[in-house]
Protein chains: 4
Amino acid sequence: MPKIVNHDERREEVVAAARRIILRAGIEAATTRAIAKEAGYSNGVLTHYFADKDEILLSALRTSHRRITERLAEKLTGLTGLAALRELLLDNLPMDEERERETGLEIGFWARSLTSPALLRTQREEAADLHLLVRSLLQSAAEAGEIAGEIAGEGLDDTAERLLALVDGLSLHRLLYPDRASRIEEIMLAELDRLRLP
Amino acid sequence: MPKIVNHDERREEVVAAARRIILRAGIEAATTRAIAKEAGYSNGVLTHYFADKDEILLSALRTSHRRITERLAEKLTGLTGLAALRELLLDNLPMDEERERETGLEIGFWARSLTSPALLRTQREEAADLHLLVRSLLQSAAEAGEIAGEIAGEGLDDTAERLLALVDGLSLHRLLYPDRASRIEEIMLAELDRLRLP
Amino acid sequence: MPKIVNHDERREEVVAAARRIILRAGIEAATTRAIAKEAGYSNGVLTHYFADKDEILLSALRTSHRRITERLAEKLTGLTGLAALRELLLDNLPMDEERERETGLEIGFWARSLTSPALLRTQREEAADLHLLVRSLLQSAAEAGEIAGEIAGEGLDDTAERLLALVDGLSLHRLLYPDRASRIEEIMLAELDRLRLP
Amino acid sequence: MPKIVNHDERREEVVAAARRIILRAGIEAATTRAIAKEAGYSNGVLTHYFADKDEILLSALRTSHRRITERLAEKLTGLTGLAALRELLLDNLPMDEERERETGLEIGFWARSLTSPALLRTQREEAADLHLLVRSLLQSAAEAGEIAGEIAGEGLDDTAERLLALVDGLSLHRLLYPDRASRIEEIMLAELDRLRLP
DNA sequence: CATGAATGAGTGTTCATTCAT
DNA sequence: TATGAATGAACACTCATTCAT
């Protein structure tokens, strides 16, 4: 009997290696050879677990999102409406090293998505999920009377988009301009406060 | 007797060529050969004016920012306070093809900046200028009584940061999720409206 | 206590798999993995029955020839002289898809034989058998008075060589220039007719 | 001023190198690296003169045909009808080392053409030219009363195809089975004799 | 015996860079 | 200065082969 390896485990090892490289040296440094080496295997081994490089990158992106989602699900249990929204948005900000890494990875994928249809598709699907979630939290907050259904004439969709754009913008600035963007959490909280009904 | 050429002029020619390519076909298409050809020179000429390819890209980024600044300066003449701010922020949104491409270029540089100290430094310097400008416009708007000096307890620095983060976030979403982010201009305008004193 | 397997049987299974792939998708598609998979085994099993891939291909060529021979033997039963010869030569033309593929395989081996001594040896041995067969059919046809012993001063060896060369040439043209070589069967038949005594 | 090289000359150098390799070790051995090395250059140099490997192989094939055509044109001057045809067909047989090489190269291309559309197209175009030429020589021979217009009920097209198939078949056998196919010239001549009117 | 994980050399191709002219 | 020929490392990917289990 040959050594039997857990395919999912190996895939995860490789994806983790890819993530480490992207975080350390950027997505352009994540060549197949570099990934294999980082994972501690020969370059040919990737063939067994991934059809091509795109599949590795895609998995890395999905893994990143899945981690965020899982962390969120845990934090959101028991919360509803504005409180849940607040937790969600704050959790997406890079306030510690781990989340800073996630954000760095994400930024690399932004650029790559603009030229890779497969990556863009994944990016969109998962962004749509998040948007939907934010929107439904806004709705339940409105129904609970915590916030107005229309914020200064702006529908829920626009509000959701605005909040998520702000999260991405602040996250980006945090990594690019850490000095200036030291207060992104406060900024986000203030933004949420303005949603409240008086 | 060597031919006397204007170094700065040549550099600009080459950088302009690089920019044209990047805007037209993406940063990956900007190979040294393609840049030289686009500029109308042989590939070897680049050596004389740039240490390496990175220097060309860096210059392209700087030029991009300078052009934005110049375009802005023109639009802002005669405007002050909130009106000027409004013009500035809207102008930074990718509402036509040219600015969409400029945003694409920018996003590419975000990712690269995270792993390239030289790029990051440039990025920071120029972002600082913009931040300062927004802050001063906010200040003059406050002094003119158009907006409150403290927006819901938030200082001018934070407001400036918030507006700029929102611009970047919305710009990014516009490129990644065009369906969903069709209304970024309206969102930006609503945000500005909320700054106004009643 | 090791499992006892019939080595020859296994070899044949693998070779048959290789043949199926070559006929279906060309010799370039016949990778060791593909062959193993087609045969229903893991890729490592090939090691036990073949020294290397070349040995598999060689066996496939031999099998191909043997199959042709067997098909012929069946068709030739009861036939003698010119009638048998006619059957033999026509059967070697790629007049249906199966034989077209067999010809494709053969052409691939022609090229490889020129640089592989082992392949060339096999090729020669089996070509010699065929030549001998054609010659003996010609002889029996001559003895039966169907054809002249000397065809326009040409001995039986040359006639045999000429007929076989024509078969290979026409087969090749059929695959390379199907439009032009649509009438190879008629051409072959006319050639045989010209052998007849008046 | 930089070193100016004659592009056509370089292309020919590279193509000649490719031809040498194909003849020496088969078409499969003609990797881009091997070709570059054989030509005495680094592997990157090929980029300057050829779009891709297929273009090199295609050029090698065309060069081969052009050489044959040129050699023929010279030999055929002053000849017409059957005499010209005879010269043409005999010249296509690998009766000396040079033509043996050409044939070896050709056989390699036969196999390759079956899986490469570009190669097949070229092969067909040039084969069509040759077929046309043979056909027109047959026609003029018939008009001159040297041969019958219909050879045993066989039209000129079929006769041309038959003669060319025989040339290819004999050439192939000459390389694969040199012992047996020592008399291909005599066989070809006898075939031509049979075309003559009594 | 059989498995399938793992290897590493090799493929065509791209491209920043060097340098003699 | 400017040219463009030339380099050689790097890229993603393929595949025959090896070998511990």
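Letters A, B, ... are given to chains in the order of the sequence lines, protein chains preceding strands, and every chain is numbered from 1. Remember, predicted model here, so these are calculated numbers, not experimental data.
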Inset, instruction - Taking only the side-chain nitrogens and oxygens of Tyr49(B), find out if one of them lies under 4.0 Å from OP1 or OP2 of dA2(F). - result: yes
Inset, instruction - Please determine which of Arg67(A), Arg101(A), Glu38(A) meets the side chain to side chain contact (heavy atoms under 4.5 Å, CB included) test together with Arg19(A). - result: Arg67(A)
Inset, instruction - Taking all non-hydrogen atoms of both residues into account, name the closest pair between Glu55(C) and Tyr49(C) and its distance. - result: OE2-O, 3.9 Å
Inset, instruction - With the side chain counted from C-beta on, respond yes when His65(D) and Glu106(D) share a heavy-atom pair under 4.5 Å apart, and no when they do not. - result: yes
Legend entry - Closest contact, heavy atoms only, Ala30(C) versus Ile35(C): O-CD1, 3.9 Å
Inset, instruction - Any chance you could list the contact pattern along nucleotides 12-17 of chain F? Use B for base contacts, S for sugar-phosphate-only contacts and - for none, protein heavy atoms under 4.0 Å, 5' to 3'. - result: BBBSBB
Inset, instruction - Rounded to the nearest angstrom, tell me the gap between atom OH in Tyr41(D) and atom P in dT13(E). - result: 20 Å
Inset, instruction - Send over the distance from Lys37(A) NZ to dC11(F) C1', rounded to a whole Å. - result: 16 Å
Inset, instruction - Using atom CD of Glu55(B) as one end and atom P of dA16(E) as the other, report the distance to the nearest whole Å. - result: 15 Å
Legend entry - With Phe50(A), the side chain to side chain contact (heavy atoms under 4.5 Å, CB included) member among Val14(A), Thr32(A), Val45(A): Val14(A)
Inset, instruction - Taking all heavy atoms of Leu119(A) and all of Leu61(A), pick out the closest pair and write down the distance. - result: O-CD2, 4.3 Å
Inset, instruction - Indicate the atoms forming the closest heavy-atom contact of Ser116(D) with Asp54(D), along with that distance. - result: OG-OD2, 3.7 Å
Inset, instruction - Give the rounded distance in Å between these two atoms: CD of Glu13(D) and C1' of dA5(F). - result: 12 Å
Inset, instruction - Could you tell me which non-hydrogen atom of Leu176(B) sits nearest to which non-hydrogen atom of Ser113(A), and how far apart they are? - result: CD2-CB, 4.0 Å
Legend entry - Any His7(A) side-chain N or O less than 4.0 Å from OP1/OP2 of dG4(E): no
Inset, instruction - Specify the closest pair of heavy atoms between Leu114(D) and Gly104(C), including all atoms of both residues, with the distance to one decimal. - result: CD1-CA, 4.2 Å
Inset, instruction - Take atom CD of Glu9(B) and atom C1' of dT1(F), then tell me their distance rounded to the nearest Å. - result: 15 Å
Legend entry - Angle between terminal axes - the helix from dA2(E)-dT21(F) to dT21(E)-dA2(F), 5 pairs each end, rounded to 10°: 30°
Inset, instruction - For His48(D) and for Gly40(C), locate the closest nucleotide of DNA chain E by heavy-atom distance; then report the residue assigned to the nucleotide nearer the 5' terminus. - result: Gly40(C)
Inset, instruction - Report the distance from atom CZ of Phe50(A) to atom P of dA6(E), rounded to the nearest whole Å. - result: 13 Å
